[in-house]
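Input: a single structure, listed below in structure tokens.
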Amino acid sequence: GGIKLQNVEWKPAAAPRPLNNSWIVTNDDNSVYDGHIDNQTYFLLGELDSAVECEQAANASGFDVFTYHDTTVEPQFRRQCWGKNGPYVPHKESGHTSGHRSSSFAFNGFVANVKGQIEDAPGLQLDGVRATRARYPNLPGGIEVSPGYGAMIDGSSAKWTPPDLNKYGPVKFYTDEIPEDRRNTTDNWFNNYMIGTDGLCSVYDPPVSYWCSEHPSGGGAFAFRTPRGVTPGDATLPNSPYADVSQAVF
């Protein structure tokens, strides 16, 4: 299934990102050496009067790296401020001032104009290969991998609305009770194959999981469940409060 999009136009995400605004700035460093303005990796932020103004422009546009060309460089580059995302790889060259964020996540965010061909994109493929949608902070493996405990909201840092265990109806339990299938080498842990289908497992595709079974053990030792809502405490989320949370996804 799916739709092949035609004539899609891409442009860099315009909104500033919630990153650490502290910069490390060095003189006589060119971080865009051998680059050219392509609006994909390298971006022209304008002709400005100082490296300070260039830093401010890069910060407002959400870039990780900037380079300012002063009035001593080749005429065609004088006073130009360039921004880029990705690694900071400076090249020693007089007449240039470069900066990079002291702490940031690499960012390469773009906005697509799909020209009304779709209203939502629950999945994404690029050249026939499955891709993952954008998120912040970035995850190397995409939105399907666990971010680890460092990117989770601690239970005591928010008010949680209890789950509705009946939202998707009853779970259908199955436990393999065939004696020949029983595992006797696990010290009474995970002896029988067991799953649950439908009900709480309706969030999966297909709607089946061990964590919906009748008597799960290990881990949290209870059936899979999700809260109905959350109200994070002050300063729980970076750069909060937010003006609009209508499209936030947890």
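Computed from heavy atoms alone, side chains included, the values below leave out hydrogens, waters and symmetry copies.
Pairing each heavy atom of V171 with each of C212, the nearest pair is CG1-O, 3.4 Å. Residues G196 and C201 approach most closely at O-SG, 3.7 Å, considering heavy atoms. For the pair Q76 and Q80, the tightest heavy-atom approach, listed with the atom from each and the gap, is O-NE2, 3.0 Å. Closest of all the heavy-atom pairs between W160 and P227 is CE3-CG, 3.6 Å. Residues Y204 and S209 come closest through the heavy atom pair CE1-CB, 3.5 Å.
Using a 4.5 Å cut-off between side-chain heavy atoms of Ile, Leu, Val, Met, Phe, Trp and Tyr, Y33 forms no hydrophobic cluster with any other residue. Grouping Ile, Leu, Val, Met, Phe, Trp and Tyr by side-chain contacts under 4.5 Å, direct or through others, puts I195 with Y174, Y193, V208.
Between R101 and N59, the side chains place a donor N or O and an acceptor N or O closer than 3.5 Å (distance only, hydrogens not considered). The closest side-chain donor-acceptor pair between S31 and T67 falls under 3.5 angstrom.
A 4.5 Å side-chain heavy-atom check between E93 and D28 finds every atom pair outside the cut-off. Between I118 and L5, some side-chain heavy-atom pair lies under the 4.5 Å cut-off. A 4.5 Å side-chain heavy-atom check between L165 and L200 finds at least one atom pair inside the cut-off. Side chains of I153 and T236 form a contact here, defined as non-hydrogen atoms less than 4.5 Å apart. For the pair P90 and S98, the minimum side-chain heavy-atom distance is 4.5 Å or more.
Ring-plane geometry between H69 and W82 is classed as tilted, the angle between the planes lying from 30 to 60 degrees on a 0 to 90 degree scale. Using the six-membered ring where Trp is involved, H36 and Y42 have ring planes that are tilted, between 30° and 60° apart.
Between the Q117 side chain and the Q6 main chain, a donor and an acceptor come within less than 3.5 Å of each other. Side chain of S61 to main chain of A57: a donor-acceptor pair is present (N/O by atom type, distance under 3.5 Å, no hydrogens or angles).
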Exercise for the section: Give the C-alpha distance, both sets of side-chain angles, the deciding distance and a yes or no for salt bridge (charged side-chain N to carboxylate O under 4.0 Å, His left out) between R78 and D70. Expected result: CA-CA 5 Å; R78 289 175 184 175; D70 68 19; over 6 Å; no
Handout entry: Y88 vs D64, side chain to side chain contact (heavy atoms under 4.5 Å, CB included): CA-CA, chis, key distance, verdict
Key = CA-CA 8 Å; Y88 178 69; D64 293 328; over 6 Å; no
Handout entry: Check against side chain to side chain contact (heavy atoms under 4.5 Å, CB included), E53 and Y68
Key = CA-CA 9 Å; E53 291 184 9; Y68 180 70; over 6 Å; no
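Listed by first then second residue, pairs satisfying salt bridge (Lys or Arg N to Asp or Glu O under 4.0 Å) with a partner in residues 171-181 read K172-D198, not counting sequence neighbours. The salt bridge (Lys or Arg N to Asp or Glu O under 4.0 Å) analysis of residues 34-43, with sequence neighbours excluded, yields no pairs. The list of salt bridge (Lys or Arg N to Asp or Glu O under 4.0 Å) pairs with a residue in residues 156-169, not counting sequence neighbours, is empty.
Under the rule for a side-chain hydrogen bond (donor to acceptor under 3.5 Å, both in side chains), T161 has no partner lying at least two apart in sequence or in another chain.
Counting heavy atoms of neighbouring residues, nucleotides and ligands inside a 6.0 Å radius, atom NE2 of H215 does not exceed 12 of them. The number of heavy atoms from other shown groups lying within 6.0 Å of CZ (R183) does not exceed 12.
Rounded to the nearest 0.5 angstrom, Y210 OH and M194 CE are separated by 6.0 Å. Separation of atoms CG (L44) and CG (N39) is listed at 8.5 Å; rounding is to 0.5 Å. For the atom pair NE2 of H100 and CG of D29, the computed distance is 10.0 Å after rounding to the nearest 0.5 Å. Rounding to the nearest 0.5 Å places NE2 of H96 at 11.0 Å from SG of C54. Here the NZ-CD1 distance, from K84 to I37, works out to 11.5 Å after rounding to the nearest 0.5 Å. Note that SG of C81 is 9.0 Å distant from CZ of F63, once rounded to the nearest 0.5 Å.
Here the two rings, on F66 and W23, have centers that are under 6.0 Å apart.
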